[in-house]
Amino acid sequence: MAAFTTGEAVALELPIARIPTRATAFLVDVVLQVVLALLAAGGLLVLGSRYDLDSAWFDALVVVLIVGVLIGYPVLWETLTTGRTPGKFVLGLRVVRADGGPVDLRHTLTRGLAGAIVDFWLLGVFGAVAVLTSLCSPNARRVGDVLAGTVVVHAQRRLPLPALAVPPPWLAEWVARTDPTALPDDLALAVRRYLTRLPDLTPAAAHELGVALVRAVCAALGVPAPGALPPVQILGAVVAERQRRALPGLRGPVLVPGAGNGLWAATPQPAPIGAAPGGPSPWSPQGALPSHGLGLPGAPPSRTASGPQGGNGFPPPR
């Protein structure tokens with residue numbers, strides 16, 4: 001099993017397909033490709049004899065046949081079936097993105113070109129390159145998977161439903177009035193990285209970065225911040241609402257506030273760290289996002305701050 005984090009910060013565990021099952025699926029596809037090539041070659045010979053094609057036309061059709069069998073076959077199947085060739089279907093395998101999502105033409109075309117040129121045929125020594133790179137990869141990825149950002153997983157078993165976040169009760173009404181799907185992709189990624197890396201940040205770094213992210217998120221959504229709450233609560237509520245809207249109808253386990261998941265405390269806190277009672281709102285200053293090693297947009301590079309305190313940097317509820 002390998003852990004994946006989807007584009008909406010949903011954690012999944014998918015069973016990785018290893019070399020034996022992938023090789024068997026590949027052999028099934030090779031047999032079908034050979035049969036397809038023989039049929040196409042027979043048709044090409046009949047066409048050439050009937051219409052008296054010259055050598056140039058015949059050579060061009062042979063090239064089209066080879067490209068169609070070696071590249072078109074896997075690309076067409078994986079595109080139309082979102083990641084399955086006949087061989088993968090027989091073995092219960094599927095190609096998915098590195099974040100667990102479905103593949104599209106861009107992914108399948110990259111895998112098909114890399115498979116024909118690097119992994120298997122032209123430079124792959126009949127699959128030796130694919131086997132070696134899969135052995136060196138923790139997720140059994142060949143060169144085509146690395147270039148396309150994909151991985152092959154077992155799909156015949158029913159996967160457990162992912163655990164979804166829920167907003168803190170005191171922010172449920174506020175976040176329901178927003179549209180987190182309108183967040184730019186780079187800002188949404190920054191929020192996910194912040195929540196993921198929160199235990200590695202010192203309280204000061206977590207507060208500074210969280211305040212900057214709350215300012216940016218509220219500006220992008222066109223709504224004011226819901227009071228002087230800890231940034232992790234506001235950002236966690238936005239992520240939870242984004243998950244709910246991106247995955248309608250999904251009913252899985254939830255990360256309940258106060259259940260020890262590290263996202264927020266069981267009761268609201270009156271003010272974030274460093275906010276003086278009665279002072280100005282911590283969300284009002286403007287500026288570039290601090291980085292703290294998270295690679296956030298518009299942020300200068302900086303080393304992640306960590307310290308002996310650990311945790312999410314927020315005091316327990318009073």
Side-chain angles (χ1 to χ4, degrees), residues 3-12 99 162-172 174-175 180 183-218 220-221 225-244 253-275 282-283 287-318:
F4 297 84
T5 302
T6 70
E8 302 306 331
V10 176
L12 296 174
D99 63 357
L164 302 180
V166 294
W170 51 93
L171 287 176
W174 172 81
V175 77
L183 284 179
D185 290 339
D186 59 345
L187 182 56
L189 178 61
V191 173
R192 293 196 298 269
R193 286 177 174 171
Y194 171 76
L195 294 176
T196 302
R197 297 283 302 279
L198 193 60
D200 300 327
L201 301 176
T202 63
H207 173 68
E208 178 189 3
L209 182 55
V211 168
L213 283 172
V214 169
R215 287 202 310 263
V217 167
C218 291
L221 298 179
L229 292 171
V232 66
Q233 295 184 4
I234 301 174
L235 298 175
V238 171
V239 168
E241 182 67 12
R242 188 177 171 91
Q243 287 181 353
R244 186 186 69 82
V254 297
L255 302 177
V256 180
N261 54 55
L263 291 182
W264 40 71
T267 57
Q269 299 176 28
I273 295 177
W283 318 127
L289 296 182
S291 172
H292 298 293
L294 300 185
L296 305 183
S302 175
R303 176 176 296 181
T304 300
S306 59
Q309 297 169 346
N312 61 18
F314 295 102
R318 295 181 178 87

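Between Ala206 and Leu198, the closest heavy-atom pair is CB-CD1, 3.7 Å. Of all heavy-atom pairs spanning Pro226 and Leu229, the tightest one is O-CD1, 3.6 Å. Of all heavy-atom pairs spanning Leu183 and Ala220, the tightest one is CD2-CB, 3.8 Å. Closest of all the heavy-atom pairs between Pro180 and Leu221 is CA-CD2, 3.9 Å.
Looking only at side-chain heavy atoms (C-beta outward), Val238 and Val191 stay at 4.5 Å or farther from each other.
Interatomic distance, Glu241 CD to Leu171 CG, rounded to the nearest 0.5 Å: 11.5 Å. For the atom pair CG of Leu235 and CZ of Arg242, the computed distance is 12.5 Å after rounding to the nearest 0.5 Å.
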Inset, instruction - Apply the test side chain to side chain contact (heavy atoms under 4.5 Å, CB included) to residues Leu187 and Leu213: give CA-CA distance (whole Å), side-chain angles for both, the deciding distance (0.1 Å), then the verdict. - result: CA-CA 8 Å; Leu187 182 56; Leu213 283 172; 4.1 Å; yes
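Partner of Pro231 under the side chain to side chain contact (heavy atoms under 4.5 Å, CB included) criterion, chosen from Val211, Leu209, Val217: Val211.
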